[in-house]
Amino acid sequence: MSKAVKYIQSKFQGIKPKVGIILGSGLGSFVDVLENPLSFSYDELDGFPDAGVSGHEGKLHLGKINHTEIAVLQGRAHYYESGQADAMKVPVRTLAGLGCESLILTNAAGSLMEAAQPGSVMAITDHINFTGVNPLFGEKSNNRFVDMADAYNSDMRSRFHKIADNDNIKLHEGVYIWFCGPSFETSAEIRAAKMMGADAVGMSTVPEVILARQAGMKVSALSVITNMAAGMSDEVLSHEQTMANAEKGIQDLQALLIRFLELYS
Ligand code: HPA
């Protein structure tokens, strides 16, 4: 058992979250809905990264929504911050070590689909790792050879779609392509990504999905579309603009997430 898992369990006996959640940029207010949360700063947890990008706060929260016990990572480290693709290895393994059987990831993404405009939400069906790096580089055992076909759980996704239909939320779906950032993509890169089959682009999530699949967790992921990808609109891309456009999508994504967890069994 890892040091972080031991430490958390020593502070909060009997804790057994079923679902882990990783919150993307701007989604931090989700934690306000937790009943009686217990929170740890990443600084307290052995092997956890600094999570310093604006809109991110490095905290692990344990709490409940209805009867569902959850563990929420507020703040992620990105590959572009340190050049290390395994920056989220300890946090993801900690969620698995605490007992999470499922992991829901959220992020901000640029859209390559005209139909999915800024402020909308997309369920990720699959991904393309366009960075050439992998969080399992350097792992020694044979469990580094992780099966990534059907990485995104279709049962969880169809539950999100049912909730979206019931609550009148438009939920797009598509393939997410991981670019390493931190500069945004060029227009030519986005045209190439489109030809490869991508529907949305971002700088996160894929390493955590690989780590979660290796740890045996079921995975689902939702993107808030904050902008049209490079070359698809006249807007100049910036982090500030990305965050400003996110509001409507953030509200819809949070509603989907809360309902999903209320109904979780
Ligand atoms: N590209 C990469 N990452 C992003 C984008 C984008 O257009 N929007 C939000 N995150």
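Just so we're clear, the structure is a prediction, and the values are computed from it rather than from any experiment. Throughout, numbering of the chain's residues begins at 1 and tracks the sequence. Side-chain atoms are counted along with the backbone in the values below, which use heavy atoms only and exclude waters and symmetry mates. Numbering of ligands and ligand atoms starts at 1, following listing order.
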List, pair by pair, the atoms of ligand 1 and of the protein that are both N or O and lie under 3.5 Å apart, giving the separation rounded to 0.1 Å.
| from | atom 1 | to | atom 2 | distance (Å) |
| --- | --- | --- | --- | --- |
| ligand 1 | 1 (N) | Glu185 | OE1 | 2.8 |
| ligand 1 | 1 (N) | Glu185 | OE2 | 3.3 |
| ligand 1 | 7 (O) | Asn227 | ND2 | 2.9 |
| ligand 1 | 8 (N) | Gly110 | N | 3.3 |
| ligand 1 | 8 (N) | Asn227 | OD1 | 2.7 |
| ligand 1 | 10 (N) | Ala108 | O | 3.4 |

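- For CG of Asp32, the number of neighbouring non-hydrogen atoms (other residues, nucleotides, ligands) closer than 6.0 Å is greater than 12.
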N/O donor-acceptor pairs under 3.5 Å from side chains in residues 253-261, not counting sequence neighbours:
| from | atom 1 | to | atom 2 | distance (Å) |
| --- | --- | --- | --- | --- |
| Gln254 | NE2 | Leu27 | O | 3.4 |
| Gln254 | NE2 | Ser29 | OG | 3.1 |
| Arg259 | NH1 | Glu262 | OE1 | 2.6 |

Can you give the donor-acceptor pairs under 3.5 Å from side chains of residues 190-207 to other protein atoms, not counting sequence neighbours?
| from | atom 1 | to | atom 2 | distance (Å) |
| --- | --- | --- | --- | --- |
| Lys194 | NZ | Leu112 | O | 3.2 |
| Asp199 | OD2 | Val175 | N | 2.8 |
| Thr205 | OG1 | Asn107 | ND2 | 2.8 |

Compile the donor-acceptor pairs under 3.5 Å between side chains in residues 94-103 and protein atoms, sequence neighbours left out, one pair per line.
| from | atom 1 | to | atom 2 | distance (Å) |
| --- | --- | --- | --- | --- |
| Thr94 | OG1 | Val90 | O | 2.7 |
| Glu101 | OE2 | Tyr264 | OH | 2.7 |
| Ser102 | OG | Tyr264 | OH | 2.8 |

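- Other residues, nucleotides and ligands contribute only 12 or fewer heavy atoms inside 6.0 Å of the NZ atom of Lys59.
- Salt bridge status for Lys3 with Glu44: absent, with no side-chain N to carboxylate O gap under 4.0 Å.
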